[in-house]
Amino acid sequence: MNDMDRNEFRMQMEEEEQKERQWQEIVDYYGGQKDAKSQDNIVEMLREVQELYGYIPSEKTSAMADALGVKQTLLLQLIKLYPSFKKAPYGHCITVCTGARCGSKGSAEVFEAVLKAVEARESGAFKIMMKECLKECKTAPNLMVDSDSYGHVKPEEVAAILSRY
């Protein structure tokens, strides 16, 4: 390892230690509130943790639950309930409709195009999901990126759509 590599490694370690200290401060603060078990308090803590990491690390949820005096499953349900919370360090969520109408109009091909376009991009930038129905049947096949909806999507349009994100 040369000096430059050592310096980069040391800086990375310091940054991780700083994040760990900040995380502990957040957990201690919210765990020490008189209303520590209230949903508002828990949600605010989760928002700060997500702001720190860019997502809510699953390996931290047990310690956060212990600090608040709640079950870990409550935290996991709140993370699932709030669409703004991310459980993984991806940048955007792509949802492809797989309902009957979208399926009959080519959603499988759109899904394949999404996989190819994401594969060509930075790893971890997208979370890909399929959903039975996006409730936009008249514009089938449908695709959502985060909260942006796209209708009448053709496989050859997918790369251009994703280039916006």
query: Cluster question for you: counting only ILVMFWY and a side-chain heavy-atom cut-off of under 4.5 Å, with indirect links fine, are F9 and M11 together?
result: no
Spacing of L68 atom CG and I42 atom CD1 [to the nearest 0.5 Å]: 5.5 Å
- prompt: For Y29, does the OH atom have more than 12 heavy-atom neighbours from other residues, nucleotides or ligands under 6.0 Å away?
  reply: no
query: Any side-chain heavy atom of E136 sitting closer than 4.5 Å to one from C97?
result: no
- line: d(K105 NZ, T139 OG1) to nearest 0.5 Å is 9.5 Å
task: Considering non-hydrogen atoms only, spot the tightest contact between A159 and A117 and give its length.
output: CA-CB, 4.2 Å
query: What pair of heavy atoms forms the shortest contact from V114 to L162, and how long is it?
result: O-CD1, 4.4 Å
query: With side chains defined as the heavy atoms from C-beta onward, is the minimum distance between Y165 and D146 less than 4.5 Å?
result: yes
Atom pair OG/CD of S62 and Q72 - distance to nearest 0.5 Å: 4.5 Å
message: Using a 6.0 Å cut-off, check whether atom CZ of R101 has over 12 heavy atoms from anything other than its own residue.
response: no
- prompt: How long is the span from the NE2 atom in H92 to the CG atom in D148, to the nearest 0.5 Å?
  reply: 9.5 Å
- prompt: Considering all heavy atoms of both residues, which atom of H152 and which atom of E157 are nearest to each other, and what is their separation?
  reply: O-OE1, 3.6 Å
task: Could you tell me whether the side chain of V49 reaches within less than 4.5 Å of the side chain of L52, counting heavy atoms only?
output: no
- prompt: Transitively linked via ILVMFWY side-chain contacts under 4.5 Å: L81 with Y55?
  reply: yes
task: May I ask you to test the F85-K80 pair for a side-chain heavy-atom distance under 4.5 Å?
output: no
- request: Mark yes when over 12 heavy atoms from residues, nucleotides or ligands other than M144 sit less than 6.0 Å from its CE; otherwise mark no.
  value: yes
- request: Would you name the heavy atoms of V153 and V110 that are closest together and state the gap between them?
  value: O-CG2, 3.5 Å
task: Could you tell me which non-hydrogen atom of K60 sits nearest to which non-hydrogen atom of Y53, and how far apart they are?
output: CE-OH, 3.4 Å
query: According to a 4.5 Å side-chain heavy-atom criterion applied to Ile, Leu, Val, Met, Phe, Trp and Tyr, with indirect links allowed, do V145 and L115 form part of one hydrophobic cluster?
result: yes
- prompt: Would a 4.5 Å heavy-atom cut-off, applied to side chains only, mark E112 and P155 as touching?
  reply: no
message: When you compare the side chains of R21 and Q24, does any donor N or O come within less than 3.5 Å of an acceptor on the partner?
response: no
- prompt: Which atom pair, heavy atoms only, marks the closest approach of A63 to W23?
  reply: CB-CH2, 3.6 Å
task: Please check if F111 and V158 belong to a single hydrophobic cluster, counting links between Ile, Leu, Val, Met, Phe, Trp and Tyr side chain heavy atoms closer than 4.5 Å.
output: yes
- prompt: Does M64 share a hydrophobic cluster with Y82, counting links as ILVMFWY side-chain heavy atoms below 4.5 Å and allowing steps through other members?
  reply: yes
- prompt: With a 4.5 Å limit on heavy-atom distance, are the side chains of E14 and R10 in contact?
  reply: yes
task: May I ask you to say whether K19 pairs ionically with E16, meaning some side-chain N is under 4.0 Å from a carboxylate O?
output: no
query: How about E132 and T98: do any of their side-chain heavy atoms sit closer than 4.5 Å?
result: yes
query: Does M130 offer a backbone N or O that forms a donor-acceptor pair with the side chain of T95 under 3.5 Å?
result: no
task: Identify which one of I79, N41, I26, T61 satisfies the side-chain contact (heavy atoms from CB on, under 4.5 Å) criterion when paired with L46.
output: I79
query: Do side-chain atoms of K86 reach the backbone of G54 as a donor and acceptor pair under 3.5 angstrom?
result: yes
message: Once rounded to the nearest 0.5 Å, what's the spacing between atom CG of L75 and atom OG of S58?
response: 12.0 Å
- prompt: Could you give the distance from CD (Q22) to CD (E48), rounded to the nearest 0.5 Å?
  reply: 10.0 Å
message: So for atom CD, which belongs to E156, do other residues, nucleotides or ligands contribute more than 12 heavy atoms lying within a distance under 6.0 Å?
response: yes
